[in-house]
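Right, one structure below, let's go through it.
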Amino acid sequence: MEKPKPIKRHEALQPLSRQHHFGLLFSWKIRKGFAKEVSISRMKAYADWFFEKEIQPHFKLEEEFVFPVLGNDDPLIERALKEHREIKELFEDAEEPSKSLQILEEKLTDHIRFEERTLFNRIQEVASKSEIEKIDEIHLQISTREEYTDAFWEN
Ligand SMILES: [Fe+2]
Ligand SMILES: [Fe+2]
């Protein structure tokens, strides 16, 4: 049997998909940090930076431009919003950052896979032309990416 072809990501959703790639990379870096026994404070500093620069603006764009296509009562959106809350709490946890970072690394990866494999496909299936045009405005809202200087995941 032929494998199902991957669905092409709609152009309007591509900026968010690109950010997903960086989210997966973040999780990989944290995993690498644990494997190399990098100090928790060093990884936490990076996580705080990533939360402010990438995650918060990304969630905001999704919640403002993408999720309304299906609405808050849709089970896929309920799940996505719940995961946003959980991920935010893990990033903000200063009590047990070691535990939170480990859970976070997995949860963020799962959340991104869910959006890429399920939610975004559904969105591009049902979005009207005007909703797609609104999502397309995201292109204008994305600023240039900054690099984090303390690359603890290298070597
Ligand atoms: Fe999300
Ligand atoms: Fe996302």
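All of these numbers come straight from a predicted model, not from anything done at the bench. Position 1 is the first residue of the sequence; numbering continues from there. Remember, it's 1-based here, ligands and their atoms both numbered in the order they're listed.
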_For the Fe ion (ligand 1), the closest N/O/S atom belonging to E62_ = OE1

*Name whichever N, O or S atom of E115 ends up nearest to the Fe ion (ligand 1).*
OE2

_Is it the case that over 12 heavy atoms from other parts of the model lie below 6.0 angstrom from the CD atom of E95?_
no

*Please determine, by modelled atom types, if H84 and E62 share a side-chain donor-acceptor pair under 3.5 angstrom.*
yes

*Kindly check if the number of other-residue, nucleotide or ligand heavy atoms within 6.0 Å of CD (E11) is above 12?*
no

*Using only N, O or S atoms, tell me which atom of H84 is closest to the Fe ion (ligand 1).*
NE2

*When you look at R31 and T109, which way does the side-chain contact (heavy atoms from CB on, under 4.5 Å) test go after all the steps?*
CA-CA 11 Å; R31 269 201 303 284; T109 303; 4.2 Å; yes

*Looking only at N, O or S atoms, find the one in H111 nearest to the Fe ion (ligand 1) and name it.*
NE2

*Do K29's NZ or CZ and the ring of W153 fall within the cation-pi criteria of under 6.0 Å and 45°?*
yes

*Metal check, the Fe ion (ligand 2) vs H58 N/O/S, cut-off below 2.8 Å*: yes

